[in-house]
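Just the heavy atoms: all of them, side chains too, but no hydrogens, waters or symmetry mates, feed the values below. Every value quoted in this text rests on a predicted model; they were computed, and no experiment measured them.
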Amino acid sequence: MYVGVAIAFAVMAIGMGVALHNWAIALPFGVLALTFFVIDHQKRTGDAPDADS
């Protein structure tokens with residue numbers, strides 16, 4: 001669900017870092033991308049347990 005938002009922020013971070021040659025400006029977008037990736041991979045209450053558990 002959040003992976004699309006994470007990908008969008010990652011693309012913005014990479015684009016800003018490459019185009020502007022200033023990774024300090026791109027850093028907050030990279031942090032947001034990583035945060036949304038982590039949120040997407042967290043187990044939610046009510047999810048079915050994995051079969052390999």
Side-chain angles (χ1 to χ4, degrees):
M1 184 167 138
Y2 290 106
V3 74
V5 176
I7 291 170
F9 275 119
V11 168
M12 286 177 22
I14 293 167
M16 284 185 181
V18 170
L20 300 177
H21 303 287
N22 188 350
W23 290 101
I25 294 173
L27 182 65
F29 293 97
V31 170
L32 283 171
L34 290 175
T35 302
F36 279 111
F37 274 123
V38 169
I39 290 171
D40 186 60
H41 287 90
Q42 294 292 320
K43 294 230 180 257
R44 293 179 291 276
T45 307
D47 280 352
D50 290 339
D52 60 345
S53 299

Item to check | Path from Met12 to Ile39 over hydrophobic side-chain contacts below 4.5 Å | outcome: yes
Checklist entry - Any chain of hydrophobic side-chain contacts (each under 4.5 Å) joining Phe9 to Tyr2? => result yes
Item to check | Nearest atoms (heavy-atom pairs only) where Asp40 meets Met1 | outcome: OD1-N, 3.0 Å
Item to check | Candidates Val3, Leu32, Val5 - the one meeting side-chain contact (heavy atoms from CB on, under 4.5 Å) with Phe37 | outcome: Val3
Item to check | Hphob cluster co-occupancy, Leu34 + Ile7, side-chain heavy atoms under 4.5 angstrom | outcome: no
Checklist entry - Shortest non-hydrogen contact from Ile14 to Trp23? => result O-CH2, 4.1 Å
Checklist entry - Which heavy atom in Ala13 sits nearest to a heavy atom in Gly30, and how many Å separate them? => result CB-N, 3.5 Å
Checklist entry - Where is the tightest heavy-atom contact between Gly17 and Ala26, given as atom of each residue plus distance? => result N-CB, 3.8 Å
